[in-house]
Structure formats: C-alpha cells, structure tokens
Protein chains: 2
Amino acid sequence: MSGAVMMELPLDQVLRGDCVEMMRTLPDASIDCVFADPPYNLQLRGELRRPDDSIVDGVDDDWDKFADLKAYDAFTRAWLGEARRVLRKDGTIWVIGSYHNIFRIGAILQDLGFWILNDVIWRKSNPMPNFRGRRFTNAHETLIWAARGPDSRYRFNYQAMKALNDDVQMRSDWYLPLCTGGERLRNEHGLKLHPTQKPESLLHRVLVASTNVDDVVLDPFAGTGTTTAMARRLRRRFIGIERHPDYAEAAIGRARREKPVPLDSVLTTPARRESPRVPFGLLVERGMVPAGTVLMDRQKRVRATVSPDGTLVSGRNRGSIHKMGATLTNAPSCNGWTFWYFERGDTMVQLDELRGEIRAEQSAVAS
Amino acid sequence: MSGAVMMELPLDQVLRGDCVEMMRTLPDASIDCVFADPPYNLQLRGELRRPDDSIVDGVDDDWDKFADLKAYDAFTRAWLGEARRVLRKDGTIWVIGSYHNIFRIGAILQDLGFWILNDVIWRKSNPMPNFRGRRFTNAHETLIWAARGPDSRYRFNYQAMKALNDDVQMRSDWYLPLCTGGERLRNEHGLKLHPTQKPESLLHRVLVASTNVDDVVLDPFAGTGTTTAMARRLRRRFIGIERHPDYAEAAIGRARREKPVPLDSVLTTPARRESPRVPFGLLVERGMVPAGTVLMDRQKRVRATVSPDGTLVSGRNRGSIHKMGATLTNAPSCNGWTFWYFERGDTMVQLDELRGEIRAEQSAVAS
DNA sequence: TTGACGGCTGAATCTCGAG
DNA sequence: TCTCGAGATTCAGCCGTCA
C-alpha cells in the first residue's frame, strides 16, 4: 500500500452521507475489504402478531422502502459499482442479505465482474419463529464473499479459520446468535437504536478470515458500527459511511470506546504459502521441545504440557498449541507459536524462535 | 382437479426430450408442484460451458463471460417461464442450486412474478473438503421455494414438518447427508451414473412439506429420477423430463422398481383446519357444556355465561366464543376453543379438550 | 445467593373457506 | 371476486421479580 494513497484516505472515521456519493470521494483501488449490509427491501404487508397477540416490531423504516425491484436493482448497481472501483485488485467484498434481496445482489455482483468465492450461511441460533405456521422458520441469512475478479490473489486466512474451528476446515455455514442483551445498542428509553444491528461475532469471523492487521475495511452501510468497532478491536483500519445522523453518531462513539486487542494476539496463523509450514510435532520429534515440557504464556498465567504427538495437555483439555492457547484464555482464536513459551535456564523461549531456526535450516537446504 | 385435464397429462412417466419443448406440450395450470435441479456448470474447471453443455471458446475477456451469463439467463427465463405457465394458481416451485447459479435463478424467479416463500439451506453432513485451502468448505446448497404469485394459497404441511422435527418448527436449514452408498446409482463399471444425484431424504422432505397425496409433481430436469421415485413412493403423481437417454432410462427403471408406501402411512399429521369443523353449539346441545355454565380464561381474569344458542354473555356483551374472548381481552382476535375453560371439581377443563372428544367419536364412526 | 417463573423480543415479504 | 367470521399460530435467550 503506497503512503500517498493512505494519506488521502479518511481512515478510522465514520463519514456521514450517502454511500455512493461518499465512495466517489475515495481513490481507486484503495480499500482492502468491503463489508456491506445494505437495505433488504423486505416488502412487509400489514402488521404481524404473535399467538399472544403482541405485535411484531418489523422493519418499516423508510430506508428499506423501494418503489419496485427495478429501483432496488439500480440502487444496488450504483453502490456495488463504486465499491468495486475503490476495491484494490486483490481485495474482497462481503455482502449480507436475506432471500428478499440476496439473489438480486448476487446476480449484479456477477454482472459487474466480481468473482464469487463462497456464499456463507449465517445460521441463527435464536431466530424469530414463523408465527402463522405458513412457512419454514426463516432461520438464516446469506453472506456472499467475492473477489474483485476471477484472477484476484485475494486474502484468505485459511489456518486461522481452521484453528477457529477446532482444527477442521471452516465450513460455509456458521452458527451464531443474534445480537441481543448487553451487546445491543439502546437509546435512553431502552429501545433498540437500530433495527438490524449485526452481532460482533459475525464481523469477527469475517475480518479474521479475509483481512490482515492494518488492512483498510470499508462499510458503506455502517449503521451503528459493528464493522467499524470490530475493525478497530482487531487492529484493522476502517472507513464507515452512514447516512442517518443518529446511527453515525452511535457508530463513532462506539468505535471510540473500542480498545484494540494486543498486537500479538491478532497475528493469525500464517498461511502456508507465505512461509513453509512447520508442524509443531516436528519440534517434539527433534527434541527441541521434548514431550513433557511445560509451556506457559509470557505472563505465566496458564500452563500446559507437551504430549508426544505434538498436542498440549492441561487438565482434561487437549489440543493443538493454537487450540489450547485459545481454550485456556477463553479467546476465539490464538496463535500458539507466539503465545507459548518455556523456561530455559532463567530465560523464556518463545516457540516461534524455534520455528524460525527450522525455517532457516529448510530454506538453506532448499536453496 | 378436473378429470379432463388429468386425462391429458402424461402422468407417472419420464419423458425424453428438451424440458422447454416438453413443457410446452403440457396444459396451463395443470401441475401442483415443480421441483427443478437445473444445470449449473457455468464456470467449472476454468472452462466455460453453456447451458447446453457446449464448451465456450476459451477467451478470457469480460465480454465473453457476460455473454455466457446472458445465455444462462435466457435459458433460465425460458424454462422458468414454462414452469410458471403449467403451474396451478396455488402451486409452488422448488429450485436447487449453488452460488454459481442460484442468484441468477432467484432474481429471474422474482422478475417472472414468483413469490419467494423461503430459501432453504441444505447443509451437507459430508461435503467435499476444499483441497487447496483457498476458500471455506462449500458445505451447502440452496433451495428456493416459491409460490406462483404473492396471493397464492399455497400448500404447506406445517404440522407434518413440525412432527418431523421433534415438535418444533422446521427451520430453513436442513442437515442431510449426500447421496452415497447403496442409494447412489452406478453403471456396470461401478462408476456413478450421474454427477449430482440428489439424496432421497431431500426430496422426501420437499414433497412431504409442500404436496399432498395424488398431487402432480413435475421435474423438468429429472436426471436419474430421485424426484420421480420419491413421488411414487409417497403416492404423488409425477411427470419427469430428461434429455439424456441414459439418465431417462435409469429414471424410468428406478420409478418402476419403487413401491408406493401403504396409503395410511403417507397420511401425515393433518393441519387443524383440515379436521372436521365442530360448532360450539353442538357441545351445548349435547349437554357437555350446559347453558348457564360459567366459562373463564385460564388465569380467571374474565368470565362469561353460556347461552342455550351457543353464544356467550357477559354484561351487555354477547357473541361467539371467539368474539367474546377477543372483546373481553381487548384483543383483535381470539381462538375461543383454547381460550375458555370451565371448572369441573377442582380442575380446569379447556373447551378444546371437549372438541377433541367429539372429533375422536366422529372419526371412529366414519371408519 | 439462587432457582423458578413470567415477560419480552428478534431483518417477517405470516389465514382460509364459506357464501 | 369480495366479505365475513371462524379459528390457527412461537423458539431461544435475556432479564427482572419473587420466593
């Protein structure tokens, strides 16, 4: 990323205004990742009551109303076109929607030249039931993940996703709860500030999967700022755009309150292609970290013992160095190489130092 | 369904030929349910294929890709248009696809006037892993379920779906295995006969959810005949269309080998509306709830007295059990059968229990 | 303190047959 | 085709109250 481009970007801000107009002020190819939660065009007809006769608080806001499908398509083409322009060659875009709008968005994405990488299903653990018994419970939303074009060398943190998923490949269906309880932003009357606030866990997975530290993330429909807050927490740079002044203000305050996590905890497992993968088991086999070695984090708050197969054991827990680091610290993910240390004399040795030695060896042999 | 129309339909057959041409021979509004698994080999293996399976000249410019999407859209509009014509007013359509084609199909469905009821996610219990580690494991396919139009009184066997799912509403995400093992049709060399044979469990759920016994099910891309075989097993009528002679032959033999299950075993949990109607007055006439009985809600917050004509009276208000339940609770509507109770000794008896007794009697007499 | 219980709520295209 | 009225219809999770 060139310094000149970075200087021009309104980084770590939530801009107030129309997303198409505001995107027009951004330079070409300046964004690493777009996350967009556009209006769904729900087209609700009349009120809906629960069996107990209480009224369902549906999304009837003006911003979700469009004259017809043609108008929605035109709107979609406009903002997706700008999003593609500002996206870097190897950047990716995420768009979330429901069956009301996601097919139109997917088709237009393809028409504009985007290359779909996955459709991802957010399976809601606690969806609203179908109160009249006339359809299946609408228990999911769909995210489309797409590269700028078919030849994009896009970022996908495969190992981080695998580590997040108990060391098996992350699937295209994600089971996550709705944004409720303390996470939900509320006004002074205790009412929800925004009708469709997305859960932080969803954005956590999106950003960890497809961006790197210091990448620039753009959210053209920032709303109350889940994307921008999570970007800040995960040490990504962000640009939010939001038209509604109340939402924009909430998003700005929310980002300001967010504390970035320590840098070493967001460095995810490196992708294999960037450097030769070293299995931790190799260090055990070679006696660099013999089975029975007690590992600990730098602050010596948690400990685990090395098994002969390269897994770590602590109490009844067993798993990879990454999984155990995450488990013992209640973190969603962990880079075991940088997390774990052992004592050698009166100094602490990080696992990653040993990995570096092996890589140096291997590259010497290879060259 | 009129007898005349039924006579013209090629029922319980698999027709060999192009699906659009063959559908043109079917009369308007003659089909209760369409299930379609259209081709979606759009851009596999780096080569572009047209819907008719011919390979597109390997030019890699944007214009050619656009032309290919256009061709796929035209093909999709053609067969979906015919499907809509042959569909009865209250019929529904299912289309299954992956991210390669499902967005185009969904958008065209909407453009043609279909009304999407749900998108359903088939979560594969045993998907193929992503070997290159460059994407999420593509672990699902998407089905769109749509009515012919927004005001359709379509069939949805809600109670049957609920019963299938341990008595909680069936969600829009279904976890089912791939078609493997003995279910998979193979040729004389033991190779799979069809690359994308769908599992019987998927069609079982689709047909039980959205069709009734003797309904006519059309599959315009019958392939090796999972839809037609399951329709026969579940005592639905079927029309399959398949262009490839080997597939059509396999589908015909498969349907012939299929044994319809006994009639009483395909009768699923009936919708409550489909049970014989019991007027409340009958309970009064028969002395089960004599005139003068005082009814109350379960919390005993409101009361009303039964009149000899089956109406309830409370102060100056008089009306049906439903209307009075609504009036006395200021609700817009009320199901009087489940709302009202009366005291028998020290227990509370719900009116709906008595209705159940009468229905049990009536069905015993009928059989 | 804790558990039982009731209230509230979430991106929702949410009735149907008789006359 | 329209009107009328019977009557069908909810799951998971959080929070506050009260015993």
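Chain letters run A, B, ... following the sequence lines, proteins first and then strands; every chain starts at 1.
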Any B:R273 side-chain nitrogen or oxygen under 4.0 Å from OP1 or OP2 of C:dG17: no
Main-chain N/O of B:V294 paired to B:T305 side chain as donor or acceptor, under 3.5 Å: no
C1'-based separation of D:dA19 from C:dT1 [nearest Å]: 13 Å
A:W122/A:W174 aromatic ring centres below 6.0 Å: no
Nucleotide D:dA6, atom P - distance to CG of B:D352 in whole Å: 16 Å
N/O (side chain, A:K124) to phosphate O (OP1/OP2, D:dC11) under 4.0 Å: no
Base partner of C:dG3, which must satisfy Watson-Crick or wobble distances under 3.5 Å: D:dC18
Interatomic distance, A:D61 CG vs C:dA11 C1' [rounded to whole Å]: 10 Å
Nearest to side-chain heavy atoms of B:R153, which nucleotide of C:dA12, C:dA11, C:dC16: C:dC16
Sugar-phosphate only, base, or nothing, as touched by A:S54 at under 4.0 Å among non-hydrogen atoms: nothing
Sugar-phosphate, base or nothing in reach of A:R135, heavy atoms under 4.0 Å: base
Spacing of A:D57 atom CG relative to C:dG7 atom C1', expressed in whole Å: 16 Å
Touch class at under 4.0 angstrom, heavy-atom based, for A:R49 against every strand present: nothing
Distance-only donor-acceptor check, side chains B:D119 and A:H140, under 3.5 Å: yes
Sugar-phosphate only, base, or nothing, as touched by A:G46 at under 4.0 Å among non-hydrogen atoms: base
Sugar-phosphate only, base, or nothing, as touched by B:I116 at under 4.0 Å among non-hydrogen atoms: base
Nearest-nucleotide comparison on DNA chain D, the residue closer to the 5′ end among A:M128 and B:F280: B:F280
Sugar-phosphate, base or nothing in reach of A:S98, heavy atoms under 4.0 Å: nothing
Nearest-neighbour nucleotide for the B:H322 side chain, D:dG7, D:dA8, C:dC14 considered: D:dG7
Touch class at under 4.0 angstrom, heavy-atom based, for B:C334 against every strand present: base
C1' atoms of C:dG7 and D:dT10, separation to the nearest Å: 14 Å
Any B:Q169 side-chain N or O less than 4.0 Å from OP1/OP2 of D:dA12: no
Separation between the P atoms of C:dC14 and D:dG7, rounded to whole Å: 23 Å
Whole-Å gap separating P (D:dG13) and CD (A:E183): 15 Å
B:S320 side chain to B:H322 side chain, donor-acceptor N/O pair below 3.5 angstrom: no
Touch class at under 4.0 angstrom, heavy-atom based, for A:N130 against every strand present: base
From C:dC14, D:dA8, D:dT10, nucleotide with atom closest to A:D52 side chain: D:dT10
Side-chain N,O (B:Y158) to OP1/OP2 (D:dT10) below 4.0 Å: yes
Min side-chain heavy-atom separation B:I121-B:S172 under 4.5 Å: no
Partner nucleotide, any strand, of C:dG10 [Watson-Crick/G-U, under 3.5 Å]: D:dC11
A:R50 side chain, from C-beta outward: closest of D:dT10, C:dA11, D:dG7: D:dT10
A:N101-A:Y72 side chain donor-acceptor pair, cut-off 3.5 Å: yes
Given C:dG10, D:dT9, C:dC16, the nucleotide with the shortest approach to the side chain of A:P129: C:dG10
Length of the line joining B:Q159:CD and C:dT15:P, which is rounded to integer Å: 16 Å
NZ/NE/NH1/NH2 to OD/OE distance under 4.0 Å, B:D151 and A:R45: yes
Sugar-phosphate only, base, or nothing, as touched by B:S320 at under 4.0 Å among non-hydrogen atoms: sugar-phosphate
Whole-Å distance separating the NZ atom of B:K323 from the C1' atom of D:dA8: 20 Å
Sugar-phosphate only, base, or nothing, as touched by B:P279 at under 4.0 Å among non-hydrogen atoms: nothing
Any A:R184 side-chain N or O less than 4.0 Å from OP1/OP2 of C:dG10: no
Side-chain donor-acceptor contact under 3.5 Å, B:R318 with B:S307: yes
Candidate nucleotides D:dT9, C:dA12, D:dA12, ranked by approach to the side chain of A:R132 - the nearest: D:dT9
Minimum-distance nucleotide to B:R355 side chain [options: D:dG7, C:dC14, D:dG13]: D:dG7
Distance test, side-chain N/O of A:K192 to OP1/OP2 of C:dG10, below 4.0 Å: yes
Sugar-phosphate only, base, or nothing, as touched by A:Q197 at under 4.0 Å among non-hydrogen atoms: nothing
Spacing of A:K65 atom NZ relative to C:dA12 atom P, expressed in whole Å: 14 Å
Sugar-phosphate, base or nothing in reach of A:W63, heavy atoms under 4.0 Å: base
Value in whole Å for how far the C1' atom of D:dT9 lies from NZ of B:K162: 8 Å
Under-4.0 Å side-chain N/O to phosphate OP1/OP2 contact, B:N335 with D:dA8: yes
Sugar-phosphate only, base, or nothing, as touched by A:D37 at under 4.0 Å among non-hydrogen atoms: base
Chi angles and distances behind the ring-ring contact (aromatic ring centres under 6.0 Å, His included) call for B:Y154, B:W145: CA-CA 11 Å; B:Y154 57 89; B:W145 181 43; 5.6 Å; yes
A:K198 side chain, from C-beta outward: closest of C:dA12, C:dA11, C:dG10: C:dA11
Sugar-phosphate, base or nothing in reach of A:V56, heavy atoms under 4.0 Å: base
